[in-house]
Asker: 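Sharing a structure below in structure tokens format, with a few things to ask.
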There are 2 protein chains.
Amino acid sequence: MITKETTRRLDPDKVVDSALGIADDEGPAAISFRRLAAQHGVTAMALYRHFKDKDDLLAALGDRLLADVVLPEPTDERWDVQLQNVLTAFVTALREHPRVADLTLLRILVSEPGLAMAERIMELLTEGGFSVDDAAEVGRQSISSLISLVTTDPMAREVSDPVAREDSLRMKRASLAALSPRRYPLITAAADTLICPTSRDRYYALGIEMTVAGIRGVLREEKQ
Amino acid sequence: MITKETTRRLDPDKVVDSALGIADDEGPAAISFRRLAAQHGVTAMALYRHFKDKDDLLAALGDRLLADVVLPEPTDERWDVQLQNVLTAFVTALREHPRVADLTLLRILVSEPGLAMAERIMELLTEGGFSVDDAAEVGRQSISSLISLVTTDPMAREVSDPVAREDSLRMKRASLAALSPRRYPLITAAADTLICPTSRDRYYALGIEMTVAGIRGVLREEKQ
DNA sequence: GGGAAGAAGTTTACGCCGTATGTATACGCT
DNA sequence: AGCGTATACATACGGCGTAAACTTCTTCCC
């Protein structure tokens with residue numbers, strides 16, 4: 001007989017939820033044991049029953065993001081098309097929590113969903129013609145680029161407070177507007193785009209396309 | 001007549017030097033006002049005369065890295081060859097201080113050397129056929145990828161203590177070695193490369209080539 | 001059902017951190 | 001000489017991660 005779970009007052013999964021919420025609103029620096037504990041009506045030290053230390057908690061956040069990746073089923077499309085779909089699935093999961101997206105990097109080769117994705121990417125790269133070792137290096141670099149695509153998403157920063165966000169944008173705009181168009185003609189011409197790209201979807205689509213194009217490009221060079 | 005500088009006891013440039021040293025040895029988290037102050041025989045609060053707050057100090061670190069970029073002179077080589085050289089110069093500067101390389105991102109459009117590099121990159125991209133706005137987006141993404149190339153350099157982490165480094169590598173190796181080769185045949189086959197690439201120079205060369213290849217690739221697609 | 005065993009949560013404390021506020025010192029200029 | 005200002009110091013506050021020792025609650029076995 002399963003007893004009612006009044007005993008386990010603290011659910012680690014819910015703590016991770018809270019931490020993600022805090023990070024989404026105020027950035028990862030705002031995550032603290034004391035604050036999480038307070039949100040769950042518990043002492044800070046209670047969290048140490050469930051997380052070895054703060055790194056362990058952050059690892060759990062990374063694992064959560066990776067678990068949210070919805071890996072597409074293999075098809076009979078070309079390897080690079082399938083790869084693009086896998087990478088898109090990865091980015092789609094990270095986009096939900098851009099401020100902590102980089103926590104996934106260290107967990108990919110540890111968590112089960114991360115390993116599954118890595119293996120799949122290696123499959124597709126070797127199918128495309130890379131050696132196993134080259135696939136490893138190219139795959140790592142691609143993943144790393146896409147993570148930074150998400151963490152540096154110019155439209156996702158400081159979403160918490162729309163007022164602060166507008167202020168920050170105004171300041172950046174002013175800073176670029178103050179530049180001499182003579183000395184920096186292209187930067188001043190592209191100021192709006194540099195500060196904030198036109199479309200978020202286009203931003204991500206372009207980032208993923210560049211990554212896949214880069215992979216195709218080095219493949220051609222390796223093959224001569 | 002210039003008096004002897006016994007008065008200005010604290011040189012902000014030297015403080016930045018110290019901070020870079022600390023970050024190189026122990027990571028950016030080890031940088032603290034108190035520690036820097038102690039190293040310079042001064043109180044923590046004295047630093048506030050020279051840096052508005054910690055973000056300001058970190059911005060100064062970013063500016064320092066950007067100032068160390070040695071931008072190659074324009075030549076009459078193809079735009080993409082020149083671009084590769086500019087990006088290589090950028091990466092070369094960042095590699096000196098991989099743990100804080102990401103501090104440059106926010107300073108590129110602020111510091112003079114950063115602006116000079118950005119303008120140069122935009123020039124080459126538009127020469128290649130990108131519109132000004134596309135050049136902005138592609139350039140941003142490239143810079144961001146290269147920064148993450150440096151910050152995630154697998155051979156630069158925890159260089160401080162060779163013993164700890166070896167331990168960490170051993171643990172990772174063991175973790176991958178414990179995987180089922182049946183379920184993860186490619187990951188286990190590439191384990192060594194995934195943990196630590198063969199050559200550092202090759203790692204960086206490949207990263208830069210992928211970036212430039214990605215740029216060429218999306219250019220072709222945009223043009224149809 | 002009673003009592004041991006262990007897990008979960010609390011208390012307290014230490015040594016860090018960034019930084020707000022107020023005060024003393026010493027130089028450069030008139 | 002003396003004033004203004006730049007520089008550095010002293011003190012303090014609230015927050016952080018976490019080590020160690022404690023209480024309390026569950027569970028499970030006899």
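When reading the values below, keep in mind they use all heavy atoms of this one structure, side chains included, and skip hydrogens, waters and symmetry mates. Proteins come first, then strands; the chains are lettered A, B, ... in the order of their sequence lines, and each starts at number 1. Owing to the predicted nature of the structure, the values given are computational and were not obtained by experimental measurement.
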Asker: For nucleotides 11-20 of chain C, just jot down a letter per nucleotide in 5' to 3' order: B, S or -, based on protein non-hydrogen atoms under 4.0 Å.
Answerer: BBB---BBBB
Asker: Under a 4.0 Å threshold between the charged nitrogen and the carboxylate oxygen, would A/Arg202 count as salt-bridged to B/Asp134?
Answerer: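 Answer for the salt bridge query: yes.
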Asker: Atom CZ of A/Phe51 and atom C1' of C/dG9: how far apart are they, to the nearest Å?
Answerer: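 Those two atoms, CZ and C1', are 15 Å apart.
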Asker: Counting only pairs under 3.5 Å, give me each side-chain donor-acceptor contact of residues 136-143 of chain B, with atom names and distances, residues two or more places apart or in other chains.
Answerer:
{"residue": "B/Arg140", "atom": "NH1", "partner": "A/Leu194", "partner atom": "O", "Å": "3.2"}
{"residue": "B/Arg140", "atom": "NH2", "partner": "A/Thr193", "partner atom": "O", "Å": "3.2"}
{"residue": "B/Ser142", "atom": "OG", "partner": "B/Val138", "partner atom": "O", "Å": "2.8"}

Asker: In whole Å, what is the span from the CG atom of A/Asp11 to the C1' atom of C/dA8?
Answerer: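 One finds 14 Å between C1' of C/dA8 and CG of A/Asp11, rounded.
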Asker: Under the side-chain contact (heavy atoms from CB on, under 4.5 Å) rule, collect the residues that match up with B/Leu106, sequence neighbours excluded.
Answerer: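 So B/Leu106 forms no side-chain contact (heavy atoms from CB on, under 4.5 Å) with any residue.
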Asker: Listing request: all side-chain hydrogen bond (donor to acceptor under 3.5 Å, both in side chains) pairs with a residue in residues 53-62 of chain B, at least two apart in sequence or in separate chains.
Answerer: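 As it turns out, there is no side-chain hydrogen bond (donor to acceptor under 3.5 Å, both in side chains) pair with a partner in residues 53-62 of chain B once direct neighbours are skipped.
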Asker: With sequence neighbours excluded, what pairs up with B/Glu119 under the salt bridge (Lys or Arg N to Asp or Glu O under 4.0 Å) test?
Answerer: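 None.
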Asker: What residues form a salt bridge (Lys or Arg N to Asp or Glu O under 4.0 Å) with A/Asp68, not counting sequence neighbours?
Answerer: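 A/Asp68 satisfies salt bridge (Lys or Arg N to Asp or Glu O under 4.0 Å) with no other residue.
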Asker: Considering just the side-chain nitrogens and oxygens of B/His50, establish if one lies under 4.0 Å of OP1 or OP2 belonging to D/dT7.
Answerer: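 So the side chain of B/His50 is outside the cut-off, no N or O lying under 4.0 Å from OP1 or OP2 of D/dT7.
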Asker: Using heavy atoms to find the nearest nucleotide of DNA chain D for A/Arg49 and B/Val42 separately, return the residue whose nucleotide is more 5′.
Answerer: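 Nearer the 5' end of the strand: B/Val42.
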